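Below is one structure, written out as structure tokens; comments come after it.
Lettering follows sequence order; numbering is per chain, from 1. Because the structure is predicted, anything quoted here is derived from the model rather than measured.
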Amino acid sequence: MLDVKLIREKPEEVRANLARRHDPAKIELLDHVIATDKEWRELTGRVNELRRRRNEISSEIGRVIKSGGDASSLKEEASSIPSQLKELESEMSNADERLRDGLMRLPNMLHESVPYGEDDHDNVEIRRWGKKPEFSFEPKSHAEITEALGISDFERAAKTAGAGFYYLRNEFALLDHAVQRYAIDFLLKRGYALIEPPFMLRRAAYEGVTDLADFESVMYKVENEDLYLIATSEHSVGSMLMNETVLAEDLPIKVCGISPCFRREIGQHGRYTKGLFRVHQFHKIEQFIFSKPEDSWELHEELQRNSELLYEGLGLHYRVVNVCTGDMGSIASKKYDIECWMADGEFRETGSNSNCTDYQARRLNVKYRLKEGAAPEGFVHTLNNTAIATSRTMVALIEQYQQEDGTIRVPDALQPYMNGMKVIDGSLNPLHF
RNA sequence: GCAGGGGUAGCCAAGUGGACUACGGCGCCAGUCUUGAAAACUGGUUCCCACCCGGGACCAUGGGUUCGAAUCCCAUUCCCUGCGCCA
């Protein structure tokens with residue numbers, strides 16, 4: 001959420017920033033917010049004036065009664081106020097609700113280093129690591145490879161849960177855990193606190209961390225409960241400090257969040273949906289940081305280095321793109337995506353690194369103070385970055401490490417987490433169906 | 001799930017319809033004093049509107065009763081204790 005004062009004081013700055021997004025609806029929304037804010041302030045003034053009168057008369061009544069006098073004429077004068085007040089207050093809270101709703105839908109201010117562009121084609125590649133894998137044979141997709149090895153079963157998952165689900169078997173399930181432990185150990189060594197958070201959140205917490213439109217297209221809701229399955233541990237880790245004021249000396253708070261992630265992925269059918277690339281559930285090791293405002297841009301780069309080192313440790317060929325203005329979601333101020341090379345020759349997103357500045361913190365009301373006992377200094381900044389999303393990382397691993405005989409080489413860094421296994425060949429406790 | 005007790009500012013804590021402008025203490029900020037610091041004293045400490053005076057809101061959250069609610073009523077939520085259930 002943006003600071004409404006920024007919108008009041010520098011509306012042209014906000015408008016110019018919004019214009020970079022190629023989304024005229026957001027400009028209209030800004031105008032709506034400005035008008036609603038004006039309306040709200042006017043109503044607030046009238047309500048406060050009426051309340052002042054009521055308070056005056058009421059305390060006068062109190063004084064008269066205490067001194068044994070007759071307050072009935074004063075009471076009569078006061079009796080008309082509550083109904084007037086109630087009407088004005090309901091107008092005011094209506095305006096307040098519309099203002100808040102508008103503010104919750106206005107996106108974050110984009111950082112000046114975000115490249116201008118219309119959609120993901122305009123994202124700017126800033127780095128490429130490793131070599132494109134060379135094969136003496138026609139490389140296959142991870143779905144083909146793993147089904148042939150008997151370690152994945154997408155068909156039966158479609159039968160029992162629908163498209164976008166999977167049964168991972170034996171080496172594949174082990175690989176899922178191996179990449180998680182690999183990422184966890186990497187972050188533990190760097191001082192990140194390990195947190196396994198709630199896998200469901202209430203709406204009030206959720207609204208603080210996510211774009212409201214996501215509720216329609218992304219979130220699974222639990223029936224008859226005010227609970228939503230989390231789409232990433234970013235959401236439950238981020239909302240952990242909701243309505244709290246932390247000490248500056250405790251910042252930055254660096255967290256390694258681990259959780260399953262659940263996503264409906266409405267409207268994504270047909271977009272590279274075969275196999276494990278786009279699924280309704282996966283595991284993710286997430287990096288999350290609460291920081292002082294002045295530190296967030298440096299920490300954004302630290303998070304980026306962490307992700308790249310993780311992929312380099314796995315020997316995966318990847319590139320980094322600076323996400324352009326037209327491809328940016330509403331929460332982040334700046335975002336880097338990491339894209340790994342896949343067997344069809346394309347680089348596809350496997351992770352995403354965002355500096356959300358104070359946008360989430362203002363929604364969640366997470367502040368910091370300089371000393372114990374001091375008044376709050378301001379809102380913290382929040383950052384989040386994928387460490388490893390198991391599904392997509394495994395797609396890249398399997399497709400880049402596939403061998404001509406249909407087996408998959410296990411990267412050195414993962415072998416300790418795979419009980420020393422060097423090659424995945426489907427021989428671990430095979431299932432004959 | 002049932003029964004009882006509770007939630008007051010950064011922390012502790014008083015307050016059961018009008019003296020609440022929420023007592024008091026600790027912490028924190030500023031000033032006075034001091035070579036400097038401590039102590040002492042004075043003012044301040046959350047949010048909103050106006051920002052010059054000032055006004056409004058906030059006692060877990062949301063409603064209600066009343067001229068007036070931290071205080072009374074209802075719902076929700078969280079914590080504690082006991083019982084029940086349970087991996």
Side-chain angles (χ1 to χ4, degrees), chain A residues 1-11 33-104 196-208 222 224-228 236 239-251 253 290 292 358 361-380:
Chain A
M1 190 161 71
L2 296 182
D3 186 354
V4 71
K5 284 179 189 160
L6 177 71
I7 294 170
R8 269 176 214 156
E9 288 161 17
K10 298 175 180 171
V33 164
I34 291 170
T36 310
D37 177 50
K38 205 176 154 199
E39 188 186 338
W40 173 80
R41 277 191 287 169
E42 201 221 273
L43 284 164
T44 300
R46 288 166 63 195
V47 164
N48 283 351
E49 177 57 22
L50 202 53
R51 282 175 176 166
R52 188 186 61 76
R53 263 179 56 207
R54 180 203 58 192
N55 292 349
E56 252 171 30
I57 297 174
S58 290
S59 49
E60 181 62 21
I61 289 172
R63 270 194 295 277
V64 169
I65 289 174
K66 276 276 189 260
S67 62
D70 176 14
S72 54
S73 64
L74 279 169
K75 280 195 185 181
E76 196 174 325
E77 190 188 343
S79 64
S80 70
I81 293 182
S83 61
Q84 292 177 54
L85 196 53
K86 200 167 180 178
E87 198 171 313
L88 262 184
E89 278 174 340
S90 91
E91 277 184 61
M92 181 187 73
S93 64
N94 178 284
D96 185 43
E97 210 169 291
R98 281 181 285 123
L99 174 61
R100 189 172 166 80
D101 185 72
L103 281 171
M104 289 293 273
E196 181 171 303
F199 300 160
M200 300 175 222
L201 290 178
R202 290 197 176 137
R203 179 138 192 161
Y206 231 112
E207 286 186 349
V222 179
N224 297 327
E225 302 280 345
D226 175 26
L227 287 172
Y228 295 81
S236 32
S239 54
M240 177 169 70
L241 296 178
M242 182 167 73
N243 294 328
E244 292 192 40
T245 302
V246 297
L247 271 178
E249 68 188 45
D250 293 331
L251 297 172
I253 297 168
F290 299 93
K292 287 187 271 190
D358 62 358
R362 184 171 279 108
R363 285 172 166 236
L364 287 167
N365 189 29
V366 183
K367 297 178 180 176
Y368 69 105
R369 66 178 91 251
L370 295 179
K371 279 185 183 174
E372 191 77 63
E377 186 70 11
F379 293 101
V380 301

Output the single nucleotide from [options] whose closest atom is nearest the side chain of [X].
| X | options | value |
| --- | --- | --- |
| A:Ser79 | B:U45, B:C67, B:C49 | B:C67 |
| A:Asn55 | B:A57, B:U45, B:C67 | B:A57 |
| A:Ile61 | B:C48, B:G18, B:G56 | B:G18 |
| A:Trp40 | B:U45, B:G56, B:C49 | B:C49 |
| A:Ala374 | B:A57, B:U46, B:C28 | B:C28 |
| A:Lys5 | B:G18, B:C48, B:U65 | B:C48 |
| A:Arg52 | B:G55, B:C49, B:G18 | B:G55 |
| A:Lys371 | B:G18, B:C28, B:C47 | B:C28 |

Nearest whole Å is fine: how far is [N] [atom2] from [X] [atom1]?
| X | N | atom1 | atom2 | result |
| --- | --- | --- | --- | --- |
| A:Arg369 | B:C28 | CZ | C1' | 9 Å |
| A:Asn365 | B:U46 | CG | P | 14 Å |
| A:Glu244 | B:C78 | CD | P | 16 Å |
| A:Glu56 | B:G54 | CD | P | 15 Å |
| A:Asn243 | B:C59 | CG | P | 15 Å |
| A:Ile81 | B:U65 | CD1 | P | 16 Å |
| A:Met92 | B:C48 | CE | C1' | 10 Å |
| A:Glu77 | B:G68 | CD | C1' | 14 Å |

If we call it a pair only when both distances are under 3.5 Å in a Watson-Crick or G-U wobble match, what pairs with [N]?
| N | result |
| --- | --- |
| B:A69 | none |
| B:A57 | B:U46 |
| B:C52 | none |
| B:G4 | B:C80 |
| B:G31 | B:C41 |

Residue met sooner reading RNA chain B from 5', once A:Val47 and A:Glu372 are mapped to nucleotides: A:Glu372
Heavy-atom nearest nucleotide on RNA chain B taken for A:Arg63 and for A:Arg202; more 5' hit belongs to A:Arg63
Any ion pair linking [Y] and [X] (charged N to carboxylate O, less than 4.0 Å)?
| X | Y | answer |
| --- | --- | --- |
| A:Arg51 | A:Glu89 | yes |
| A:Glu42 | A:Lys38 | no |
| A:Glu56 | A:Arg53 | no |
| A:Arg41 | A:Asp37 | yes |

Separation between the [atom1] atoms of [N] and [M], rounded to whole Å:
| N | M | atom1 | answer |
| --- | --- | --- | --- |
| B:U61 | B:C67 | P | 25 Å |
| B:A70 | B:G64 | P | 15 Å |
| B:A9 | B:G5 | P | 22 Å |
| B:U66 | B:C11 | C1' | 35 Å |
| B:A60 | B:G7 | P | 8 Å |
| B:C41 | B:U34 | C1' | 14 Å |
| B:A69 | B:C83 | P | 42 Å |
| B:A50 | B:A40 | P | 41 Å |

Hey, is the side chain of [X] poking within less than 4.0 Å of OP1 or OP2 on [N], counting only N and O atoms?
| X | N | result |
| --- | --- | --- |
| A:Arg53 | B:G68 | no |
| A:Lys86 | B:G64 | yes |
| A:Arg41 | B:A50 | yes |

So with a 6.0 Å cut-off around CD of A:Glu97, is the heavy-atom count from everything else above 12? no
Tell me, yes or no, whether the heavy-atom count around A:Met200 atom CE, taken from other residues, nucleotides or ligands under 6.0 Å, exceeds 12. no
Flag side-chain contact, heavy atom, 4.5 Å: A:Val222 against A:Tyr228: no
How about A:Asn94 and A:Arg98: does a side-chain donor come under 3.5 Å of a side-chain acceptor? yes
With a non-hydrogen cut-off below 4.0 angstrom, is A:Ile57 in contact with a base, only sugar-phosphate, or nothing? nothing
